[in-house]
Number of protein chains: 2
Amino acid sequence: MNYSKQREEIYEILKENVVHPSAEYIYDILKKANSNISLATVYRNLNKMASSGRIKKIEGLEEKAHFDHNTFEHYHFICQKCGRIFDIDKEVAPEVVIRAQEKTGFIINSYDIVFHGICRECIEKEKENDKICM
Amino acid sequence: MNYSKQREEIYEILKENVVHPSAEYIYDILKKANSNISLATVYRNLNKMASSGRIKKIEGLEEKAHFDHNTFEHYHFICQKCGRIFDIDKEVAPEVVIRAQEKTGFIINSYDIVFHGICRECIEKEKENDKICM
DNA sequence: AAGAAAAGTGATAATAATTATCAGTTTACA
DNA sequence: TGTAAACTGATAATTATTATCACTTTTCTT
């Protein structure tokens with residue numbers, strides 16, 4: 001794989017963004033920063049980096065795919081209110097692979113856990129709203 | 001929700017199918033059984049049943065969504081060779097929700113685990129091939 | 001440093017899954 | 001039995017993603 005300025009720009013945005021942006025989100029940021037990049041290039045490079053293992057593709061309940069520069073084993077949480085995606089530490093589900101392999105006899109190469117719920121910030125906001133309504 | 005013949009037919013196919021069919025697969029079966037059903041009707045009813053909780057929508061690494069009549073808490077395994085989707089018992093990951101809630105302070109309403117690997121049948125097939133090549 | 005092959009790019013057409021629309025049909029229930 | 005609400009088939013529209021293609025960059029060889 002050759003060096004490409006565009007690819008590095010995409011990677012930088014991914015690294016700065018805690019909430020796991022989609023291809024289009026990255027494209028919009030670059031466009032606003034007066035780049036001449038094409039959406040196809042964003043997709044191309046995200047997929048290339050994902051298949052080389054430099055980044056990770058998250059495909060959960062959402063329509064779009066989202067990407068994560070953190071390739072450490074960890075899980076994801078999608079807030080049903082604000083839509084942001086958060087990391088969840090590996091240790092919430094220890095030995096899952098071992099147990100699943102023992103139980104099924106299948107070879108397990110990878111697995112993803114996606115949680116759905118309400119993040120702390122949105123829980124707080126709901127509390128505020130309740131106060132006002134009282 | 002009113003009764004509809006088409007919806008019940010769709011549900012029946014879902015119940016008979018162990019490997020969690022997609023909307024199009026169900027559509028094809030009905031078409032072959034000389035039904036006059038429309039693909040839109042299949043999608044409509046699958047989504048309706050999924051949001052009423054009668055069935056479950058599985059959205060993993062695949063492009064298409066797949067559906068499951070089993071709404072008991074359980075996980076899924078996608079075979080990277082044959083593409084079939086299998087059920088994985090809940091007990092491979094006990095207390096995941098409790099741990100995740102404690103660790104994050106988020107409210108968790110649901111979660112999905114999708115495993116990727118090779119199913120037993122495909123493991124056997126690979127062994128056969130190895131024998132032949134020796 | 002020059003020049004050729006390989007890899008990458010932007011623009012846009014194509015694809016594929018899913019959803020929206022709409023006129024006609026079925027269901028439920030007063 | 002009639003009417004409002006829900007549902008249907010056909011098909012157009014939408015949305016995310018991928019393929020194509022002429023052109024540009026990068027890399028590697030000499």
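Naming: A, B, ... by sequence-line order, numbering from 1 per chain.
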### Message
Ring-plane angle category for B:Phe106 and A:Phe77, please: parallel below 30°, perpendicular beyond 60°, tilted otherwise.
### Response
tilted
### Message
If the cut-off is 4.0 Å, is A:Lys48 near the phosphate of C:dG8, judged by side-chain N/O to OP1 or OP2?
### Response
yes
## Note on the structure
Taken to the nearest whole Å, CD/A:Gln6 to P/C:dA11 is 11 Å
### Message
Rounded to the nearest 0.5 Å, what separates atom CD in B:Gln101 from atom CD1 in A:Ile88?
### Response
10.0 Å
### DNA chain D: 5'-most and 3'-most nucleotides touching chain B, 4.0 angstrom heavy-atom criterion
D:dA6 to D:dT11
### Query
In terms of ring plane angle, is the pair A:His20 and A:His76 parallel, tilted or perpendicular, where the classes change at 30° and 60°?
perpendicular
### Task
May I have the distance from B:Lys57 (atom NZ) to C:dT19 (atom C1'), rounded to whole angstrom?
10 Å
### Query
Hey, are A:Arg54 and A:Glu8 close enough for a salt bridge, meaning a charged N less than 4.0 Å from a carboxylate O?
yes
### Message
Please give me the minimum heavy-atom distance between A:Thr41 and A:Ile10, naming the atom from each residue.
### Response
O-CD1, 4.1 Å
### Query
If you look at every strand shown and take non-hydrogen atoms under 4.0 Å, does B:Thr41 touch a base, only sugar-phosphate, or nothing?
base
### Task
Let me see the working for A:Glu126 and A:Lys81 under salt bridge (charged side-chain N to carboxylate O under 4.0 Å, His left out), right down to the final yes or no.
CA-CA 10 Å; A:Glu126 278 191 358; A:Lys81 283 267 169 188; 3.0 Å; yes
### Query
Using a distance-only test with no angle check, is there a side-chain donor-acceptor pair under 3.5 angstrom linking A:Gln6 and A:Tyr11?
no
## Note on the structure
Axis-to-axis angle across the helix from C:dA1-D:dT30 to C:dA30-D:dT1, five pairs each end, nearest 10 degrees, ~ 30°
### Reported CD1-to-CZ distance for the pair B:Ile78 and B:Arg84, which is rounded to 0.5 angstrom
13.0 Å
### Task
Evaluate the side chain to side chain contact (heavy atoms under 4.5 Å, CB included) criterion for residues B:Met1 and B:Ser52: first the C-alpha distance (whole Å), next the side-chain angles of each, then the deciding distance (0.1 Å), finally the verdict.
CA-CA 10 Å; B:Met1 206 193 299; B:Ser52 82; 4.0 Å; yes
## Note on the structure
In this structure, CD of A:Glu24 is separated from NZ of A:Lys31 (nearest 0.5 Å) by 12.5 Å
### Task
Send over the distance from B:Ile37 CD1 to C:dT25 P, rounded to a whole Å.
18 Å
### Message
Just the rounded figure in Å: distance from P of C:dA7 to CG of A:Asn45.
### Response
14 Å
### Task
Give a yes or no on whether A:Ile108 and B:Ile58 share a hydrophobic cluster (residues Ile, Leu, Val, Met, Phe, Trp, Tyr; joining criterion: side-chain heavy atoms under 4.5 Å apart).
no
### Message
Once you apply a heavy-atom cut-off of 4.0 Å, does B:Tyr3 come out as touching a base, just sugar-phosphate, or nothing?
### Response
sugar-phosphate
#### Entry: Whichever of A:Met1 and B:Ala40 has its nearest DNA chain C nucleotide further upstream toward 5'
A:Met1
#### Entry: DNA chain D contacts among residues 10-33 of chain B, heavy-atom distance under 4.0 Å
none
### Message
Need to verify one output field. Residue with the more 5' nearest nucleotide on DNA chain C, B:Asn2 or A:Ser38?
### Response
A:Ser38
### Query
Checking all strands, does A:Arg7 fall into the base, sugar-phosphate, or nothing category for heavy-atom contacts under 4.0 angstrom?
sugar-phosphate
### Task
Find the distance B:Asn36:CG to C:dT25:P and express it as a whole number of Å.
13 Å
